[in-house]
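Quick notes on the structure that follows.
Below, all heavy atoms of this structure are taken into account, side chains as well, without hydrogens, waters or symmetry copies. Quick caveat, the model's predicted, so the values are computed rather than measured. Below, read A as the first sequence line, B as the second, and so on, with proteins coming before strands; counting in each chain starts at 1.
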There are 2 protein chains.
Amino acid sequence: MVDIPGKVAYRYRQSIGMTATTTTLIGRRAGVSHATVCDVLNGRWQAKRISQATCARVRTIARKLNYRPNRVARSLLTGRTHTVALVIPSISRSFFPSIVLGVETEAKQHGYHVLLSHVIAGLEDEVPEIEALLERRVDGLIIVPRHGAHNRENYRQLLKEGFPLVFVNDWFEDVPVSAVVGDDFNGARQATEHLIALGHRRIAFLAGNPGPTVSQWRTDGYHRALKEHGLAAPKNYIQGFAYTVAHGYAGMQRLLKLSEPPTAVLGGNDAAALGGIKAALEAGLRVPEDIAFVGYGDDLEEVWFQKIPLTTMRLDATEMGRRAMALLVEEMGGPPACGRDAQAGADRRKKKTMEKLSAKLVVRESCGAKVTTQVHGSAVGKT
Amino acid sequence: MVDIPGKVAYRYRQSIGMTATTTTLIGRRAGVSHATVCDVLNGRWQAKRISQATCARVRTIARKLNYRPNRVARSLLTGRTHTVALVIPSISRSFFPSIVLGVETEAKQHGYHVLLSHVIAGLEDEVPEIEALLERRVDGLIIVPRHGAHNRENYRQLLKEGFPLVFVNDWFEDVPVSAVVGDDFNGARQATEHLIALGHRRIAFLAGNPGPTVSQWRTDGYHRALKEHGLAAPKNYIQGFAYTVAHGYAGMQRLLKLSEPPTAVLGGNDAAALGGIKAALEAGLRVPEDIAFVGYGDDLEEVWFQKIPLTTMRLDATEMGRRAMALLVEEMGGPPACGRDAQAGADRRKKKTMEKLSAKLVVRESCGAKVTTQVHGSAVGKT
DNA sequence: TTGAAAGCGCTACCAC
DNA sequence: GTGGTAGCGCTTTCAA
């Protein structure tokens, strides 16, 4: 009764004609088996020394039958979906589309597809979404990480299971993860030094949400530059709590009410800087003559056309995405997380990498430094 | 020999202990079967009248074992992946991210995930990419369609097979497909009429690539408006071959060299209009005093901060994406394209819908009409 | 060289 | 209420 049972089942199915998967069908028409078809179609005919004639026959029939291998079935068997998920907080801000572009470009190069998950901005808990992604058996995850204990615990858990996970655009010191981020400490420092070099002594900072580590880095870089040049950073010289035009605007209004308002302002990002400029202009100040501005990111389009072209630190978001995906591909190199040869991901505990991309100062007009019209002109070809 | 064969196989597997799928494992620990676990975990315990105690036991154990249902396996069985692919030509232009956002928001609402495929701009043939997506058994496809005979033939083939496909942002008259597009004929007409109402008689158009149907619609709308008001549209009043700043710039330069240059210009999109303004300014003209501009799309960020805030026709790309996904959900309503109860998609030949979203005139400064400062102020909250 | 057999993890159906 | 069984479409070993 326990005798060669699968065989029996197989024969049975055959007799009933119930083995009509497309490969079988092709095999039947070509007068070969199921498996041979598979070998031919997957380019293993050399290794398996399958005759040319057979190959040709199989291929012709496959084409005629409009055969499309079912990757779902393959995934079930191999435990790999060749899909990664990209979880980002927003896509409307121009910075993120660039990341998406980078990730997808790199992914395509490695035969991966990208499942995009834009976790709705207000919704702080991304755990259910990530869970859904895992149920789909994505091979890896690239996340713009979010704060909040719940999320953080979830990242840690994933990592402990050995699941391939890469952070992009932010990083937590206490989570052992690979990440690609901007070198925002040095970027902000350089930006601040640029303003100092232009003769400014009273330099304010329009900060973002204090949560993200990189956000903190920008603040630290700003502080460091001031300190190294013996300048003070009065506490109320740091204003704003989000990287938006509105917050930059409001923060600047507060700065202007101080008894000693700044003569120069570093924006935590470009939007904040623009909001600041708007407030300054409305207060009757001239930019950059009365007050200078430097932004961060260079992620706003058509910058050359702005009322006052913004001097800023350029951060290459596309490159950031690309590197993140490249890192993820490495992490996914081991055995699959599930499927036939799944095994404990324990031995996947590879060394984690943190890449820092440096930003580049792009001098335009808002800072008051001498501008070459090149910057202006060269932007035409950009769009 | 053909006697109850599956049963034998099953017993065999059982005896060998080879049925260690997670559901079986849970069942074993809970003292119930495989199938019961499945029923409990999928909320069918009411219908199957499974005892509360069993339910509780199963659920507890599942949680303890960190059970994550494998949707790949489920997909193989049901023939549905609950995944749709979104194929777009570009993501760096701000218009497309908005579409992505709309699609994804709507998709999430229906339990779908979005596989993003940004077909590289230069690569005109998207057939291989679509083929790859089909091998992954996506349930449906939303495409910003591309021209070229090969692509077009492919769309037609897909549609003939009854595969759920929706176009977004463009549409072909000769392809029987559901689509969501902008009402660009009336939009361009309205924009042109706005300029006519402001007293202009010599109105030029900075056109885009003549391929897309909507592009043609914009040109047609422009023509219609002129015609209805008895105005001429000299052939060389239409310039430009792509919706980019660079092309708008170059096109405008040509317009300015004419013996009778225009006094007003309609941009095929915002970027083209901006390029035009740039050329006009460089030629020493004042905008809008010497020459008026209207754009199309309102897809550039921080518009309020531009040197000359652009009057434009606002097109809601997010809404466009959302509607496209909603349409696709409908189309996917029938039997799955593959899997157990797949059947010829022939009866899926539902009525096709074409939705046109109308654009709204947003008056700012570039057209020379009276502007309320409201427009200016209200934009602060936008970012 | 080829083909038979087993099985990836799940769901659906029926029998008890 | 519950359990047994078949099978989704593919890959991969092993036997011939």
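Remark: P of C:dC10 and CZ of B:Arg68 are 12 Å apart, rounded to the nearest angstrom. Note: CG (B:Leu41) to P (C:dA12) measures 14 Å, nearest angstrom. For A:Arg136 and C:dC10, the CZ to P distance is 15 Å, given to the nearest whole Å. Following rounding to the nearest Å, B:Arg80 (CZ) and D:dC8 (C1') show an atom-to-atom distance of 15 Å. A straight line from CD1 of B:Ile50 to P of C:dT11 spans 13 Å, rounded to a whole angstrom. Spacing between atom CG of B:Asn42 and atom C1' of C:dG9 amounts to 13 Å, rounded to whole angstrom units. Taking atom NE2 of residue A:His82 and atom P of nucleotide D:dT11, one finds them 12 Å apart after rounding to whole Å. Atoms CD (A:Glu135) and C1' (C:dG9) sit 13 Å apart, rounded to a whole Å.
Which of D:dC10, D:dT2, C:dT11 sits closest to the side chain of A:Asn70 comes down to D:dC10. Minimum atom distance to the side chain of B:Leu76 is reached by D:dG9, of the listed C:dT11, D:dG9, C:dC10. Side chain of B:Leu77, nearest nucleotide from D:dC10, D:dC8, C:dG3: D:dC8. In the set D:dT2, C:dT11, D:dT11, D:dT2 carries the atom at the smallest distance from any side-chain atom of B:Ser51. Among the nucleotides D:dC10, D:dG4, C:dT11, the one closest to any side-chain atom of A:Tyr67 is D:dC10.
Remark: of the listed residues A:Leu158, A:Leu86, A:Val84, A:Leu158 is the sole one forming a side-chain contact (heavy atoms from CB on, under 4.5 Å) with A:Leu141.
Between A:Arg323 and A:Glu106 no salt bridge is recorded (no basic side-chain N to carboxylate O distance below 4.0 Å).
Between A:Phe167 and A:Tyr155, the angle of the ring planes goes over 60°, which puts this pair in the perpendicular group of the 30/60° scheme.
The side chain to side chain contact (heavy atoms under 4.5 Å, CB included) test applied to A:Glu131 returns A:Leu134, B:Arg68, not counting sequence neighbours.
Toward the 5′ end of DNA chain C lies the nearest nucleotide of B:Arg71, the other residue of the pair B:Asp39 and B:Arg71 mapping further downstream.
Side-chain atoms of B:Lys352 do not come within 3.5 Å of backbone N or O of B:Val175 as any donor-acceptor pair.
Listed pair B:Thr23 / C:dC10 meets the phosphate criterion, a side-chain N or O lying under 4.0 Å from OP1 or OP2. One finds no side-chain N or O of A:Ser75 lying less than 4.0 angstrom from the OP1 or OP2 phosphate oxygen of D:dC10. Between B:Thr36 and D:dG3, a side-chain N or O to OP1/OP2 separation shorter than 4.0 Å is present.
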